[in-house]
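Notes to accompany the following structure.
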Amino acid sequence: MNKKEIIILLIARILQILISLFTMRLMTTILSNEQMGEYYIFLAIYMLASLGIINPIGQYVNRNTYLWWREGVLTQYINRYINFVLCFSLIYVILYGLGECLFKGINTPFWMLFCYLYIVCLSLNQFLLYTLNILNFKIVFSIMTLMTSVLSLSGAYLFIEYSIAKQTVSIYYWVAGIIIGNFISLCICVVYLRCKNTFQKSIPKSINVSIKEVFNFCCPIMITTLFIWFQSSGYRFAVEQMFGLKFLGILAVCFAVSGQIMSVIESLVTQIFQPTLFKHMDNVKNRKQHLDFYINENIAIYASVLFFCTFFMREIFLVLVDNKYLPYFYIGIIALWSEFFRISTNTLSLVFFCEKKMKVGIFPYLIGSLSLAFSIVLFRLLNVNLGILIAFAIGVAQLASFIVCLITVKKISYFKINSIFLMKRIIIVLPSVLIAHCIPKFEMINAIHFIIIFGVGLFYLISLVTSFMFIKQPGGVYGS
């Protein structure tokens with residue numbers, strides 16, 4: 001990438017982060033704890049469809065994206081994928097709605113419509129954006145991601161303001177804005193990819209996909225992602241029954257804050273490093289070297305962010321969410337460690353993806369899910385009413401998945417931790433961590449407090465970029 005591209009990517013990423021931060025603050029200010037709990041139950045239902053079925057098929061397409069792009073047939077596969085998402089989402093929503101009606105006596109046609117549109121628009125838009133990044137359209141990917149964030153926030157804010165004026169505040173007004181933003185973005189992405197892929201080959205080849213190959217590739221992913229869903233979202237149904245919507249809203253917001261921090265970092269390093277890895281994925285000779293560098297680089301960056309944010313979480317809560325959530329920042333710290341293990345496991349599991357050994361990748365998430373399920377059942381049997389134990393249980397489950405995944409990857413002999421490299425990265429950011437620990441603890445946010453918090457955060461970012469620029473792994477495969 002040239003300097004101009006780097007500047008554009010950096011500006012787009014900064015703006016996207018700021019929008020995400022403002023979105024979280026706005027949501028937690030306008031919506032009550034109960035409404036936040038209701039919103040995250042809605043997201044859990046969406047994630048079940050997205051992670052459980054839609055995402056594995058999308059991963060199969062992404063695994064072959066470069067090959068199909070070179071052959072000029074990628075848009076044909078994308079068309080099939082879009083049709084699949086439209087049909088499956090309709091069946092899923094109808095079945096879930098009928099289940100609600102039969103077992104709970106709830107008539108939910110309005111909810112079913114919103115759920116269908118949300119699943120379709122978000123799943124397709126995220127898949128198309130990811131495809132743009134894989135194909136190395138970094139500028140377009142950044143602009144479209146930023147545009148999605150702007151349109152979603154604008155739409156959600158306008159709808160929620162309308163609901164406030166009508167005195168009928170509901171999460172579905174917020175959801176409507178998100179749907180519109182993602183729909184506009186996915187339409188633009190489809191048109192862009194079709195125009196680009198048209199010129200790849202003058203005579204595109206016919207589609208010939210083995211159903212058996214798709215099934216063998218996707219079935220293990222579906223099982224794995226169902227376990228991932230349970231660890232990340234599925235537990236919310238049990239929390240609602242045990243502690244109510246109010247506590248679920250608090251717990252979900254704490255995990256959302258930590259998840260947003262780590263997801264932004266995960267998205268950034270994925271955008272930078274993954275296209276090169278995908279480019280060399282089919283080269284058996286170079287794949288081990290690229291995977292080794294990719295995993296070490298990712299975990300080093302994640303560990304640096306974890307180290308700083310652990311001591312800065314109270315200030316993060318002060319800025320990102322409404323003050324009613326500030327007393328629960330300690331849950332955010334637990335959630336931060338849980339998110340670190342989650343995204344580190346995702347990084348390690350890319351080995352299974354590259355090698356098409358998806359069956360092996362089921363086991364780490366199975367162990368984590370069993371750990372969490374056991375904890376929830378135990379809490380219910382003992383009638384435990386201390387909600388923080390749920391946060392610990394989620395963190396322990398993610399840790400279990402990480403340890404098992406690390407052991408499994410090492411058995412495949414593809415990964416070796418570069419401890420010296422990792423420690424050097426941590427040492428560079430150590431001064432910013434000490435400052436974060438020593439600054440005064442504010443109860444309210446004002447201009448002076450914000451400047452202090454912003455200054456400490458900026459100092460850490462400078463330290464992080466410095467460590468990235470000057471502490472490098474030997475070999476330097478990225479960008480090749």
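All residue numbers refer to positions in the sequence shown, counting from 1.
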When rounded to the nearest 0.5 angstrom, what is the spacing between [atom1] in [X] and [atom2] in [Y]?
| X | Y | atom1 | atom2 | result |
| --- | --- | --- | --- | --- |
| Ile390 | Tyr235 | CD1 | OH | 9.0 Å |
| Ile17 | Ile261 | CD1 | CD1 | 10.5 Å |
| Ile435 | Ser463 | CD1 | OG | 8.0 Å |
| Leu186 | Met144 | CG | CE | 8.5 Å |
| Leu248 | Tyr40 | CG | OH | 10.0 Å |
| Glu339 | Ile394 | CD | CD1 | 9.5 Å |

[X] side chain to [Y] backbone, donor-acceptor under 3.5 Å:
| X | Y | value |
| --- | --- | --- |
| Thr225 | Leu51 | yes |
| Asn133 | Leu129 | no |
| Tyr116 | Leu86 | yes |
| Ser432 | Val429 | yes |
| Ser338 | Gln398 | no |
| Ser258 | Gly332 | yes |
| Arg314 | Phe442 | yes |
| Thr23 | Ile19 | yes |
| Thr28 | Arg25 | yes |
| Gln35 | Ser32 | yes |

Mutual orientation of the aromatic rings belonging to Phe454 and Phe450 [parallel < 30°, tilted 30-60°, perpendicular > 60°]: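 Phe454 vs Phe450 ring planes: parallel.
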Using a cut-off of 6.0 Å, state whether more than 12 heavy atoms not belonging to [X] lie near its atom [atom1].
| X | atom1 | value |
| --- | --- | --- |
| Phe392 | CZ | no |
| Trp229 | CH2 | yes |
| Phe402 | CZ | yes |
| Phe84 | CZ | yes |
| Phe215 | CZ | no |
| Leu95 | CG | yes |

Are [X] and [Y] close enough that a side-chain donor and a side-chain acceptor fall under 3.5 Å?
| X | Y | answer |
| --- | --- | --- |
| Gln231 | Arg342 | no |
| Asn125 | Ser185 | yes |
| Ser304 | Tyr460 | yes |
| Ser163 | Trp174 | no |
| Tyr325 | Asn33 | yes |

Non-hydrogen side-chain atoms of [X] and [Y] separated by less than 4.5 Å:
| X | Y | answer |
| --- | --- | --- |
| Leu135 | Leu193 | yes |
| Val190 | Ile82 | yes |
| Ile30 | Ile164 | yes |
| Ser349 | Tyr365 | yes |
| Leu31 | Ile160 | yes |
| Tyr92 | Leu48 | yes |
| Phe255 | Ser232 | no |
| Leu350 | Ile295 | no |

Full working for side-chain contact (heavy atoms from CB on, under 4.5 Å) between Leu366 and Thr224: CA-CA 7 Å; Leu366 170 62; Thr224 302; over 6 Å; no
Can you see which heavy atom on [X] is nearest to which on [Y], and at what distance?
| X | Y | answer |
| --- | --- | --- |
| Ile334 | Ala391 | CG2-O, 3.5 Å |
| Met444 | Asn323 | SD-ND2, 2.9 Å |
| Phe379 | Met242 | CB-CE, 3.7 Å |
| Phe341 | Gly395 | CD1-O, 4.4 Å |
| Ala400 | Gly368 | CB-CA, 4.5 Å |
| Pro440 | Glu315 | O-OE2, 4.0 Å |

CA sep, side-chain torsions, deciding dist, call: Phe308, Val456, side-chain contact (heavy atoms from CB on, under 4.5 Å): CA-CA 10 Å; Phe308 173 75; Val456 175; 4.1 Å; yes
Tyr118 ring center near Phe42 ring center (under 6.0 Å):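 They qualify: ring centres under 6.0 Å apart.
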Test log, rule side-chain contact (heavy atoms from CB on, under 4.5 Å), inputs Tyr328 and Ile388: CA-CA 9 Å; Tyr328 306 102; Ile388 191 175; over 6 Å; no
Chi angles and distances behind the ring pair (Phe, Tyr, Trp, His ring centres under 6.0 Å) call for Tyr81, Phe127: CA-CA 10 Å; Tyr81 179 75; Phe127 165 78; 4.2 Å; yes
Lys/Arg-Asp/Glu bridge criterion (N-O < 4.0 Å) met for Lys246, Glu38: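 Salt bridge between Lys246 and Glu38, a charged N being under 4.0 Å from a carboxylate O: no.
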CA sep, side-chain torsions, deciding dist, call: Ile180, Phe159, side-chain contact (heavy atoms from CB on, under 4.5 Å): CA-CA 11 Å; Ile180 291 173; Phe159 279 113; 3.5 Å; yes
Tyr192 vs Phe137, ring pair (Phe, Tyr, Trp, His ring centres under 6.0 Å): CA-CA, chis, key distance, verdict: CA-CA 11 Å; Tyr192 182 84; Phe137 295 124; 5.6 Å; yes
